[in-house]
Peer 1: 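Here you go, one structure.
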Amino acid sequence: MKKSQSNYRPWEIEPKWQKTWEKKPLFKTVDPPAGGKKYYALVEFPYPSGEGLHIGHAFTMTIQDIFTRKKRMEGLNVLNPMGWDAFGLPTENYAIKTGIHPAVATKKNTDQFQQQMKRLAFAYNWDREVNTTDPDYYRWTQWIFIQFFKHGLAYKAETPVGWCPACKIILANEEIVAGKCERCGAEAERRMQSQWLLRITAYADRLAEELDLVDYPDYVKAAQRNWIGRTEGVTIGYPVVGKNLTISCYSTRPDTNFGATFVVIAPEHPLVLKLTTQENIGKVRQYIEKAKKKSELERTEFKKEKTGVFTGNYALNRLTGKKMPIWVADFVVLTAGTGIVVGVPAHDERDWHFAKRYDLEIIPVVKPADSGGKWDFAKSPFTDIDKAEVFNSDFLNGLPALKAKEKIINFLVKKGWGKRAVNYHLRDWIFSRQHYWGEPIPMIYCPACAKKGISWWDTKEGKNFKPLFSPKKTGLRRQMAGWFPVNESELPVRLPEVKKYKPTDTGESPLANIREWVEVACPECASGARRETDTMPNWAGSSWYFLRYIDPKNNQALADPKKLKYWMPVDLYLGGAEHTTLHLLYSRFWHKFLNDIKAVPGKEPYAARRQHGVILGEDGFRMSKSHGNVIAPEKVVKKFGADTLRLYLMFMGPYDATMPWSTKGVEGCWRFLNRVWKLVVKHSQEKTAGKNHDLARIMHQTIKKVTEDIEELKFNTAIASIMEFINELMKQPSLPKKTLEILVLLLAPFAPFMAEELWCEVLGNKYSVHQQPWPKYDSKLVKGEIVTIIVQVNGKLRGQVQLPSNQTSKQPEVEKRAKKEANVTRHLEDKKIKKVIFIPRKLINFVV
RNA sequence: GGACGAGUGGCGGAACUGGCAGACGCAUACGGCUUAGGACCGUAUGGCUUUUAGCCGUGAGAGUUCGAAUCUCUCCUCGUCCACCA
């Protein structure tokens, strides 16, 4: 034994092996046609902040690392890449503050992240590193955007946006925290702004239905379906009294329409002023102004009193002939349904409150089917559709509400008063950001062509193009006149150098100030045109990065189709619950679109998804600087080494749980690794050891348990079983080398540094332990020769008997033995056995 | 308000498909080894009792079952995400 081996010294062995692994790489990832069976393991790539790797990163990435190390030892061709989601606001804000170019700050941060990851032994395919801010990368992000445009899925429209009156900038949703500007804390307002949108709603049904094809946690599927929020109903037209105008409202409850008593329109709706009479116009204008100033928070706060103002006009309910007053109110959301709502106060919570407040008529038309049909409409609306009966509604009377809904839809459609409609909670994706640090949207606007009404689909190239979604039908052909994509051969459109990174006072991106960049010739008519100065949101680069890892240096396509066919889909995608609806849905959308245009194979990008939990501070609160409860991974590494940190992170509990940090728990793992070290060193020089059946059984049980548990990401119980194994080994006077080797192999994915040192230096084996095949178990040995059978009387444990394995499946023998057990005999005395339940190899239960 | 999930010792958590509740670790107590130890090794540790054993016990209450932490129903508490979506 070398002297250096007497104690476990991670701070010496870990940097040593880190260097060796860099010099003599452990793992090869082979592209087709070589390679055999593939496994593509993906973990969400981080935003490289200046703070460095935090404990949450270490946690997630350790899960991924252990899992992929085992897959590699099992002989699979594993792709386990890493990259940087590096566009984003913190870096831009840092640039605004310091003047340091975001690219420079990004480089510094990614270098630091990479160092920290290597220190934790994360075995990524560094030769496939991608960075969303690299022009060679965002060239393809822009290319994808252009395909969206050409296929009629990218368009510009006026949408309400957040606005900070103090900073004078447009706020992205992620910049509005609790209704306030993230930067300065001022109350955010809303204003209308022309923005690029992606028509994700065109894929809404497929995004929901095709969830059946993938293995995601149920709650993720439920959340996505919920987010998409498909409802079926009808849009009903209501003629405006005295005007040649019909307004339409979407309803999922047309069965209540005989009870409609008013109509409400969103204050931002383009028809508002048209619908207002001269004498009411002042009040309405005032109300619209007030609504605009209201913060998102104020406006959407639950249980807040509803406000509104009467327009002076009426809409006609053709079912009843009733004149319904038209109101303006900010509880109506412009982008939901048609932006106009018909009020049925007797059967809708919001309508009821609004009617009460403004003393509008409440007409009940649906009542509970049971409990005698009684309901106090003065106290609350009746909103249940399932156990409800319609009354007071002409030809619908007496029908169950669900039946009535069908009947009236058919009636309205036949009459031409309504149209069947499907609505989604999901909205088209606002894709513009007025910021510097993002991918420039590769579009050019030509006012001359716009004036002539020429759109891209009218050009030579566009005429021969077959869009997936006809721009004629969707109206884009006219709407997008004057907009042309940058010629694909001219991609990437690089971010120009700017002096000021701050958005302009008008809310435009800082790019708008760079004249020589903005002003270009129109690709169609060569007259003076402007580049789009908006940039893409953060979500853009991350919507397809998993494809680029497959072929990161390809400059002909986003990736080679052959390679895509081999590697896709991702076999396991690990990430956080915060991406359940946005990132996951967005990237599925992009992938489906790319599949539709035959750029990638397969309907779904991720075959399976798992979501990790959260590590809380030692005090049980979420880690945060202000709480002062942040655990820095590098500090733990310094004190105990990376192996202890990795082991503890995995031993804390299930990978998807929320768990508090425990310094004592870390020490427990440190002690465990020390015991392993001493045990292996102590027995490393032994030559012989006789056969030990008990030991063999335990060893094979451990291999089985660890193998199966890692597969299911149950690392905590895998580690527990290795601990049990060690506890058993420590009782043995001597141990065969083979047993020690198995122990080291099982530990290799968890504690890669220590396993390598024990394997090579202590046990004297060849480099490297990580290139060894994963140990196999013998299922015969796992079972063992003696089996314990539980004996119950009336379901209560009264004893147990031990029998040779081959006798445990025959009831009479087991019963005989069980009755001999003293404690069992006592409980059976003076009693009649009514029934005997027997489960082979497990249990016998006497019912008396 | 909605969707989803979770409630097990002093603590983190085990328990496969309904079959020994509390694995493993922490903490604690006692003992050993030590000049010493907050190191290491060993033993014990859900509660109660009349302790070779019995009773109680997985948020509360009911139910199904020979048998329930696990399945069903009602309720309570907590967490996460979403939220005036017509």
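Hydrogens, waters and symmetry mates are skipped; everything else that's a heavy atom, side chains included, is used. Lettering of chains follows the sequences in order, A, B, ..., and the numbering in each one begins at 1.
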Peer 1: Using a 4.5 Å cut-off on heavy atoms from C-beta on, say whether the side chain of R253(A) contacts that of V344(A).
Peer 2: no

Peer 1: Using the criterion of both pairing distances under 3.5 Å for Watson-Crick and G-U wobble pairs, give all stems of 3 or more consecutive pairs involving RNA chain B.
Peer 2: B:1-7 with B:76-82, B:10-12 with B:24-26, B:27-32 with B:40-45, B:46-49 with B:53-56, B:59-63 with B:71-75

Peer 1: Going through the checks in order, is the side chain to side chain donor-acceptor pair (under 3.5 Å) test met by N423(A) and T231(A)?
Peer 2: CA-CA 5 Å; N423(A) 240 288; T231(A) 56; 5.5 Å; no

Peer 1: To the nearest Å, give me how far apart CD (E724(A)) and C1' (A14(B)) are.
Peer 2: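 The distance from CD of E724(A) to C1' of A14(B) comes to 10 Å, rounded to the nearest Å.
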
Peer 1: Check whether any side-chain heavy atom of V342(A) lies under 4.5 Å from a side-chain heavy atom of I236(A), and answer yes or no.
Peer 2: no

Peer 1: In whole angstroms, how far is the P atom of U17(B) from the NZ atom of K842(A)?
Peer 2: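 The answer, rounded to whole Å, is 10 Å.
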
Peer 1: Is it the case that Y287(A) and T307(A) place a side-chain donor and acceptor less than 3.5 Å from each other?
Peer 2: yes

Peer 1: Would you say the side-chain atoms of T383(A) and E349(A) include a donor-acceptor pair closer than 3.5 Å?
Peer 2: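 The answer is no; no qualifying pair exists.
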
Peer 1: Contact class for T788(A) (heavy atom, under 4.0 Å): base, sugar-phosphate, or nothing?
Peer 2: nothing

Peer 1: If you look at every heavy atom in V263(A) and A315(A), which pair is closest and at what distance?
Peer 2: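 Heavy atoms of V263(A) and A315(A) come nearest at CG2-CB, 4.2 Å.
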
Peer 1: Suppose we screen for side chain to side chain contact (heavy atoms under 4.5 Å, CB included). Which residues come up paired with D656(A), at least two apart in sequence or across chains?
Peer 2: P654(A)

Peer 1: Could you state the atom-to-atom distance from CD of Q701(A) to P of A23(B) in whole Å?
Peer 2: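 These atoms are roughly 17 Å apart.
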
Peer 1: Tell me the interatomic distance from L797(A), atom CG, to A15(B), atom P, rounded to whole angstroms.
Peer 2: 21 Å

Peer 1: Whether the R826(A) and N823(A) side chains hold a donor-acceptor pair (N or O, under 3.5 Å, no angle test) is what I'd like checked.
Peer 2: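 Looking only at side-chain atoms, N823(A) and R826(A) do form a donor-acceptor pair, the distance falling under 3.5 Å.
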
Peer 1: Identify whether any heavy atom of G668(A) sits under 4.0 Å from a base atom; if not, whether one sits that close to sugar-phosphate; answer base, sugar-phosphate or nothing.
Peer 2: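 Sugar-phosphate contact only - G668(A) comes under 4.0 Å of backbone atoms but never of a base.
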
Peer 1: Relative to the 5' end of RNA chain B, which residue comes earlier, S721(A) or K705(A), by the nucleotide with the nearest heavy atom?
Peer 2: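 Closest to the 5' end, via its nearest nucleotide, is K705(A).
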
Peer 1: Starting at CE of M623(A), measure out to CD1 of I55(A) and round the result to the nearest 0.5 Å.
Peer 2: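 Those atoms lie 5.5 Å apart.
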
Peer 1: Between G2(B) and C75(B), how far apart are the two P atoms, rounded to whole Å?
Peer 2: 12 Å

Peer 1: Mind checking whether I385(A) and T252(A) have side chains closer than 4.5 Å, heavy atoms only?
Peer 2: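 The answer is no; the side chains never approach within 4.5 Å.
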
Peer 1: Using only heavy-atom distances, determine whether the side chains of T60(A) and E44(A) contain a donor-acceptor pair under 3.5 Å.
Peer 2: no

Peer 1: Ignoring backbone atoms, test whether H425(A) places a side-chain nitrogen or oxygen under 4.0 Å from the OP1 or OP2 oxygen of A86(B).
Peer 2: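 So the side chain of H425(A) is outside the cut-off, no N or O lying under 4.0 Å from OP1 or OP2 of A86(B).
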
Peer 1: Looking at every strand, decide which applies to T581(A) at a 4.0 Å heavy-atom threshold: base, sugar-phosphate, or nothing.
Peer 2: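 Here T581(A) touches no strand at all.
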
Peer 1: For H683(A) and Q732(A), which heavy atoms make the closest approach, and how far apart are they?
Peer 2: CE1-O, 4.0 Å

Peer 1: Base, sugar-phosphate, or nothing for S251(A), non-hydrogen atoms under 4.0 angstrom?
Peer 2: sugar-phosphate

Peer 1: Between protein and nucleotides 7-10 of chain B, what N or O pairs are separated by less than 3.5 Å?
Peer 2:
none

Peer 1: Where each residue is assigned the nucleotide of RNA chain B containing its nearest heavy atom, which of H827(A) and P654(A) is assigned the position nearer the 5′ end?
Peer 2: P654(A)

Peer 1: How about CG on D218(A), more than 12 heavy atoms from neighbouring residues, nucleotides or ligands closer than 6.0 Å, or not?
Peer 2: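 Check fails, neighbour count at 12 or below.
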
Peer 1: What is the distance, to the nearest angstrom, from the CE atom on M650(A) to the C1' atom on G25(B)?
Peer 2: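 Spelled out: CE on M650(A) to C1' on G25(B) is 15 Å.
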
Peer 1: Can you tell me how far P of C55(B) sits from CZ of R826(A), to the nearest Å?
Peer 2: 10 Å

Peer 1: Could you tell me which residues satisfy ring-ring contact (aromatic ring centres under 6.0 Å, His included) with W327(A), sequence neighbours excluded, listed by chain and number?
Peer 2: F310(A), F354(A), Y358(A)

Peer 1: Does a nitrogen or oxygen in the side chain of R798(A) sit under 4.0 Å from OP1 or OP2 of G54(B)?
Peer 2: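 So the side chain of R798(A) is within the cut-off, an N or O lying under 4.0 Å from OP1 or OP2 of G54(B).
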
Peer 1: Over all strands shown, is E667(A) touching base, sugar-phosphate only, or nothing at heavy-atom distances under 4.0 angstrom?
Peer 2: nothing

Peer 1: Take atom CZ of F354(A) and atom P of A86(B), then tell me their distance rounded to the nearest Å.
Peer 2: 18 Å

Peer 1: Would you please say whether a donor-acceptor pair under 3.5 Å links the side chains of Y216(A) and Q224(A)?
Peer 2: no

Peer 1: Could you work out the separation of U58(B) and A21(B) based on their P atoms and round it to a whole Å?
Peer 2: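 Their P atoms lie roughly 12 Å apart.
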
Peer 1: Going by atom type alone, with no hydrogens or angles, which donor-acceptor pairs under 3.5 Å involve a side-chain atom of residues 724-731 of chain A and a protein atom two or more places apart or on another chain?
Peer 2:
{"from": "N727(A)", "atom 1": "ND2", "to": "M723(A)", "atom 2": "O", "distance (Å)": "3.4"}

Peer 1: Taking atom C1' of C26(B) as reference, at what distance in whole Å does atom CZ of F672(A) sit?
Peer 2: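 Rounded to whole Å, this separation is 15 Å.
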
Peer 1: With sequence neighbours excluded, what pairs up with Y648(A) under the ring-ring contact (aromatic ring centres under 6.0 Å, His included) test?
Peer 2: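 Counting only residues at least two positions away or on another chain, Y648(A) forms a ring-ring contact (aromatic ring centres under 6.0 Å, His included) with W661(A).
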
Peer 1: How close do M754(A) and D643(A) get, heavy atom to heavy atom, and via which atoms?
Peer 2: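 The answer is N-OD2, 2.7 Å.
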
Peer 1: For A223(A) and T581(A), work out which heavy atoms get closest and say how close.
Peer 2: O-CG2, 3.8 Å

Peer 1: Reckon D351(A) touches a base, only the sugar-phosphate, or nothing at all at heavy-atom distances under 4.0 Å?
Peer 2: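 The answer is nothing, as D351(A) stays clear of every strand by at least 4.0 Å.
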
Peer 1: Compare the minimum distances between each of A27(B), G13(B), C20(B) and the side chain of I790(A), then state the nucleotide with the smallest one.
Peer 2: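 The answer is C20(B), which lies nearest to the side chain.
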
Peer 1: Which heavy atom of S393(A) sits nearest to which heavy atom of V365(A), and what is that distance?
Peer 2: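 Closest heavy-atom pair between S393(A) and V365(A): OG-CB, 3.4 Å.
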
Peer 1: Which whole number of Å gives the distance between the C1' atom of C81(B) and that of U65(B)?
Peer 2: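 Straight-line distance between the two C1' atoms is 37 Å.
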
Peer 1: Which pairs, protein N/O on one side and nucleotides 61-68 of chain B N/O on the other, fall under 3.5 Å?
Peer 2:
{"from": "C66(B)", "atom 1": "O2", "to": "N845(A)", "atom 2": "ND2", "distance (Å)": "2.3"}

Peer 1: With rounding to the nearest 0.5 angstrom, report the CG to CD distance, D330(A) to E268(A).
Peer 2: 8.0 Å

Peer 1: Using a 4.0 Å heavy-atom cut-off, write out nucleotides 39-46 of chain B from 5' to 3' as B (base contacted by protein), S (sugar-phosphate only) or - (no contact).
Peer 2: -SS-----

Peer 1: Could you write out each protein N or O paired with an N or O of nucleotides 3-5 of chain B at a distance under 3.5 Å?
Peer 2:
none

Peer 1: In residues 253-264 of chain A, what residues come within less than 4.0 Å of RNA chain B, judged by heavy atoms?
Peer 2: none

Peer 1: Determine, using ring centers only, whether W539(A) and H583(A) are less than 6.0 Å apart.
Peer 2: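 Between W539(A) and H583(A), which both carry aromatic rings, the centre distance is not below 6.0 Å.
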
Peer 1: Which residues pass the side chain to side chain contact (heavy atoms under 4.5 Å, CB included) test with K704(A), sequence neighbours left out?
Peer 2: E708(A), Y777(A), V782(A)

Peer 1: Quick one: classify the glycosidic conformation of G9(B) as syn or anti, with syn meaning within 90° of 0.
Peer 2: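 Syn, since the glycosidic angle lies within 90° of 0.
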
Peer 1: Starting the side chain at C-beta, find the nucleotide from G25(B), A21(B), C26(B) nearest to N727(A).
Peer 2: G25(B)

Peer 1: The side chain of A720(A) lies closest to which of these nucleotides: A53(B), C24(B), C84(B)?
Peer 2: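 Out of A53(B), C24(B), C84(B), the nucleotide with an atom closest to A720(A)'s side chain is C24(B).
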
Peer 1: Could you go through nucleotides 47-51 of chain B and list every protein N or O atom that sits under 3.5 Å from one of its N or O atoms, giving the distance for each pair?
Peer 2:
none

Peer 1: Quick check: closest heavy atoms across S380(A) and W352(A), and the distance to 0.1 Å?
Peer 2: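 That closest heavy-atom pairing would be N-CZ2, 3.5 Å.
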
Peer 1: What integer number of Å spans the C1' atoms of A27(B) and G22(B)?
Peer 2: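 Rounded to whole Å, the distance is 16 Å.
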
